[in-house]
Amino acid sequence: MPEKFLKPFDPSATEGRIYAEWEKSGYFNPDNLPEGSNKQPFTIMMPPPNATGVLHMGHALGLTIQDILIRYKRMCGFATLWLPGTDHAAIATQSKVEKEISKKEGKSRHDLGRDELLKRIDAFVAESRSTIEKQIRVLGASCDWSREAFTLDDTRNRAVNTLFKHMYDAGLIYRGNRIVNWDPKGQTTISDDEIVYEERPAKLYTFRYSKDFPIPIATTRPETKVGDVAVAVHPDDARYQSYVGKEFDAVFCDVPIHIKIVADKEVDPAFGTGAVGLTPAHSHIDWDIAERHALTHEVMVINEYAKMTVSGCLEGKKTTDAREIVVEWLTNEGLLEKTKDIQQNVATAERTGGVIEPLPKLQWFVEVNKEILGRNKTLKEMMLDPVRSGSIAMMPEHFEKTYVHWIENLRDWCISRQIWYGHRVPVWYKGEEIVVGAAPADEGWTQDEDTLDTWFSSGSWTFSTLGWPDNTADLERFHPTDVLVTAYELIFFWIARMILMTEFALNTIPFRTVYFTGIIRDAKGQKFSKSLGNGADPIDIVEKFGADAARMTLVVGNTPGTDMRLSDDKIKGYKHFANKLWNIARFVLANANEEKNGNKTWPSGPERDHLSPREHELLTECDALTQDVTKDLEEYRIYLAADKLYHYAWHELADKILEESKPILSGSDAPAKASRQALLLTLFDRTLRLLHPFMPFVTEEIYQSMPTRDSEFLMIAKWPE
RNA sequence: GCGCUCUUAGCUCAGUUGGUUAGAGCGUACGCUUCACACGCGUAAGGUCGGAGGUUCGAAUCCUCCAGAGCGCACCA
């Protein structure tokens with residue numbers, strides 16, 4: 001028996017070495033797998049972590065699930081491709097680098113200029129990516145590094161530009177002046193999904209535009225009222241019916257306004273006074289109502305810096321200051337009727353925290369409700385159909401309902417961003433002329449200044465990673481992918497967009513199954529976050545307890561889509577389990593052989609015919625477990641499979657079988673002893689194989705010393721049947 | 001407002017889509033330096049499965065209602 005078994009299992013002395021051997025073997029790459037397997041492909045695209053920093057425990061969970069599936073399928077003889085990558089995460093990355101530069105050098109991006117800022121970001125991203133790659137390795141991920149992709153590299157850029165052009169040619173991408181979510185802090189538009197609503201106390205003011213204006217209006221934003229063009233009331237509201245269609249003029253806080261009374265069923269007669277002052281340029285619903293009644297749309301009174309643009313006493317004031325001025329003016333004029341404290345949901349930008357200012361802007365959009373020529377479907381339908389028909393299954397299933405509900409309410413997707421880092425909008429202008437796709441050869445063209453929403457490129461991840469738009473062998477072989485493992489928070493951002501892009505570009509699904517992971521929380525149930533100071537770096541945990549322990553902790557009993565609490569005690573428990581396996585190995589290796597003149601002979605078999613009834617029972621039990629675990633893995637019940645194996649190894653194999661074998665092994669009945677030795681080897685070998693996807697390091701390390709070893713690595717050993 | 005989920009032992013959670021005395025980990029109590037392992041071994045305490053009805057031979061599991069917790073989307077003019 002190798003001497004290492006005389007000491008407790010030491011993950012830190014083992015894992016790095018084993019990973020290096022695996023990587024060197026080339027077996028992470030499906031092209032290098034040994035002959036003899038059926039070579040049917042099994043593909044997972046790794047969700048590319050943001051290149052903004054380091055991985056957290058949520059990533060560790062996702063990577064573990066994926067690695068379990070990949071290792072399991074590899075052992076089953078599949079040509080397993082797990083393709084790793086990182087995401088440039090446009091806004092997140094740029095704002096992070098900008099923050100750092102501003103802190104260290106006191107400079108803004110405008111001080112540096114576009115080229116210099118991009119250089120700085122590239123340097124930051126290069127470093128960040130190498131950290132992330134290191135972390136992925138430490139966790140034991142058996143992904144194919146030779147195919148590693150980045151969402152902003154040349155291949156992916158070509159995919160994005162091609163996709164943009166195809167969608168533009170199909171009439172699905174248009175440029176329009178529409179009301180968008182403007183983030184004054186980040187100085188960019190953001191999509192509806194990047195908005196976070198924060199509940200804040202606010203004041204609801206009830207007032208009239210002027211003394212002779214017949215209807216009182218309620219608003220939380222008096223400063224926007226200088227941009228009002230109409231008042232909307234519910235058509236059935238008896239109080240106001242006689243005014244519908246009438247028009248009024250007033251001078252509101254130095255600003256002349258013209259107000260028409262319109263009737264629209266969108267208005268809730270029970271809220272406020274039952275009458276809405278319409279500010280089409282600075283409110284989404286007002287914009288929609290104004291559109292329905294052919295009212296003026298684009299009278300902006302607030303600019304990109306959230307400052308007032310009207311002349312008079314409000315000119316150049318910040319909206320918050322302007323609000324006070326207007327309220328004071330209303331009070332002095334005797335127009336303010338009531339002030340009420342309310343709770344209000346304020347739209348803020350996810351990344352910057354800035355309060356969203358709706359503004360009309362000339363932007364690029366993806367139209368989701370337009371029927372596509374030759375396909376007889378809208379993008380919305382393309383997103384819905386595969387999920388409704390079951391060609392894409394979600395785990396847990398109830399997320400399918402959430403998904404469908406969201407898509408049904410989907411609006412056009414604003415894809416242009418006023419930031420510099422990312423795929424630049426592939427459109428060139430020269431006077432009235434416009435070229436989409438690739439840069440024109442002749443002189444005098446200017447490229448659109450904007451970049452694309454980062455999810456536009458992420459949406460093509462399952463096929464851009466395989467070389468699309470070229471018709472590559474990889475694309476042919478590995479797409480559609482089998483399963484996508486991601487946090488449920490990304491169901492709309494990413495899953496929906498991948499389905500959209502893939503259906504549009506390839507007329508097929510991106511993946512057959514979506515496995516949603518929950519959020520990993522600390523022992524108190526709080527989310528891990530830097531501001532709370534409870535951050536748990538997977539690397540620290542691996543150093544302390546080993547990757548196998550970290551992986552088991554994240555997986556056992558952790559059902560898909562459910563949040564999980566993590567504590568050191570839990571991880572410690574699975575570190576002990578790794579050591580338990582180590583000790584079982586010590587016992588088995590020491591007792592399951594005969595030694596003559598220093599030479600060991602291992603029993604062969606076991607021969608089923610010669611087993612005692614009890615041994616036969618034990619083997620049958622193990623067969624049942626094997627089938628059970630296999631079925632669980634096939635049906636993505638990883639949490640159960642892990643639990644069962646833990647239980648079997650510790651409380652069945654160690655506690656019962658090893659114990660009851662002791663008298664036989666030390667007894668004098670030679671045939672009984674040989675039979676038992678063979679059985680122990682078989683059962684333990686089986687356990688190692690079944691556990692390998694979950695705890696790859698300790699099982700591989702033991703396997704290397706097992707007399708039952710029949711392949712170079714346990715990683716490519718045969719999955720038991 | 002629309003939609004979704006959860007409520008099981010002190011704590012954190014399973015319970016494989018109705019089937020024998022409801023499970024695990026941690027914790028607790030007691031006892032063990034037993035020659036694989038103290039990163040261990042053994043034993044024990046602890047649950048009317050949120051509540052009320054219903055379907056069924058049979059319900060933690062399916063249906064209805066109620067109570068509490070959480071989440072998503074939309075919106076609050």
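Each chain gets a letter, A, B and so on, in the order its sequence line appears, and its residues count up from 1.
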Report which part of the nucleic acid [X] touches: base, sugar-phosphate, or nothing (heavy-atom distance under 4.0 Å, all strands).
X	answer
Ser283(A)	nothing
Gly525(A)	nothing
Val556(A)	nothing
Thr220(A)	sugar-phosphate
Phe577(A)	nothing

Euclidean distance, atom [atom1] of residue [X] to atom [atom2] of [N] [Å, nearest integer]:
X	N	atom1	atom2	value
Leu581(A)	G40(B)	CG	P	12 Å
His405(A)	C4(B)	NE2	C1'	9 Å
Leu204(A)	C75(B)	CG	P	18 Å
Glu223(A)	A77(B)	CD	P	11 Å
Trp582(A)	G40(B)	CH2	P	16 Å
Glu198(A)	C75(B)	CD	C1'	17 Å

> Heavy atom of residues 224-234 of chain A under 4.0 Å from RNA chain B: which residues?
Replying inline: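 Result for residues 224-234 of chain A: Lys225(A), sorted by number.
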
> Considering only heavy atoms, which members of residues 395-403 of chain A lie under 4.0 Å from some atom of RNA chain B?
Replying inline: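 Contacts with RNA chain B under 4.0 Å: His398(A), Lys401(A).
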
>> Can you tell me how the ring of Tyr646(A) sits relative to the ring of His651(A), calling it parallel under 30°, perpendicular over 60° and tilted otherwise?
In response: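 Geometry flag for His651(A) against Tyr646(A): perpendicular rings.
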
Does a side-chain N or O from [X] land closer than 4.0 Å to OP1 or OP2 of [N], or not?
X	N	answer
Trp650(A)	C41(B)	yes
Gln344(A)	A77(B)	yes
Tyr639(A)	G15(B)	yes
Tyr488(A)	C71(B)	no
Arg565(A)	C13(B)	yes

Could you measure between the two [atom1] atoms, the one in [N] and the one in [M], and give it in whole Å?
N	M	atom1	result
G27(B)	U33(B)	C1'	25 Å
G47(B)	G3(B)	P	40 Å
A29(B)	C63(B)	P	43 Å
C49(B)	A22(B)	P	11 Å
G25(B)	U34(B)	P	24 Å
G72(B)	C26(B)	P	33 Å
U20(B)	A59(B)	P	11 Å
G70(B)	U16(B)	C1'	25 Å

>> By nearest atom, which of the nucleotides C75(B), C39(B), A14(B) is closest to the Thr559(A) side chain?
In response: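 Nearest to the side-chain atoms of Thr559(A), counting from C-beta on, is A14(B).
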
Contacts of [X] that satisfy side chain to side chain donor-acceptor pair (under 3.5 Å) - sequence neighbours left out:
X	result
Glu3(A)	none
Glu659(A)	Lys662(A)
Asp183(A)	Thr352(A)
Glu617(A)	Arg614(A)

Donor-acceptor side-chain pairing of [X] and [Y] below 3.5 angstrom:
X	Y	value
Thr630(A)	Asp628(A)	no
Glu247(A)	His258(A)	yes
Tyr639(A)	Asp632(A)	no

> Hey, do the aromatic rings of Tyr72(A) and Phe694(A) have their centres closer than 6.0 Å?
Replying inline: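 No; Phe694(A) has its ring centre 6.0 Å or more from that of Tyr72(A).
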
So, are [X] and [Y] salt-bridged, with charged N and O less than 4.0 Å apart?
X	Y	answer
Glu194(A)	Arg351(A)	no
Glu400(A)	Arg388(A)	no
Lys656(A)	Glu621(A)	no
Arg676(A)	Glu660(A)	yes
Glu701(A)	Arg709(A)	no
Lys527(A)	Asp522(A)	no

Protein-nucleotides 34-36 of chain B N/O pairs under 3.5 Å:
| from | atom 1 | to | atom 2 | distance (Å) |
| --- | --- | --- | --- | --- |
| A36(B) | O2' | Asn583(A) | OD1 | 3.4 |
| A36(B) | O2' | Arg586(A) | NH1 | 3.4 |
| A36(B) | N7 | Lys662(A) | NZ | 3.3 |
| A36(B) | N6 | Ala654(A) | O | 3.1 |
| A36(B) | N6 | Glu659(A) | OE2 | 3.1 |
| A36(B) | N3 | Asn583(A) | O | 3.3 |

>> The criterion is ring-ring contact (aromatic ring centres under 6.0 Å, His included); which residues satisfy it with Tyr488(A), sequence neighbours excluded?
In response: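 ring-ring contact (aromatic ring centres under 6.0 Å, His included) check on Tyr488(A) returns Phe399(A).
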
>> Please enumerate all residues that pass ring-ring contact (aromatic ring centres under 6.0 Å, His included) together with Phe697(A), with sequence neighbours excluded.
In response: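 Phe697(A) satisfies ring-ring contact (aromatic ring centres under 6.0 Å, His included) with Trp22(A) once adjacent residues are dropped.
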
> Passes side-chain hydrogen bond (donor to acceptor under 3.5 Å, both in side chains), Tyr703(A) versus Asp685(A)? Steps please.
Replying inline: CA-CA 8 Å; Tyr703(A) 179 79; Asp685(A) 175 77; 5.7 Å; no

> Counting a pair only when it is Watson-Crick or G-U and both distances are under 3.5 Å, which runs of at least 3 such pairs involve RNA chain B?
Replying inline: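 B:1-7 with B:67-73, B:10-13 with B:23-26, B:28-32 with B:40-44, B:50-54 with B:62-66 - these are the stems of 3 or more pairs that involve RNA chain B.
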
> Do any pairs count as a side-chain hydrogen bond (donor to acceptor under 3.5 Å, both in side chains) and have a residue in residues 573-586 of chain A, sequence neighbours left out, and if so which ones?
Replying inline: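 Counting only pairs at least two positions apart or across chains, the side-chain hydrogen bond (donor to acceptor under 3.5 Å, both in side chains) contacts touching residues 573-586 of chain A are Asn583(A)-Arg586(A).
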
> If the sugar-phosphate is the primed atoms plus P, OP1 and OP2 and the base is the rest, what is the B/S/- string for nucleotides 22-32 of chain B, using protein heavy atoms under 4.0 Å?
Replying inline: ---SS------

> Hey, which of these two, Asn558(A) or Asn579(A), hits RNA chain B nearer its 5' end, going by closest nucleotide?
Replying inline: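 In this pair, the answer is Asn558(A).
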
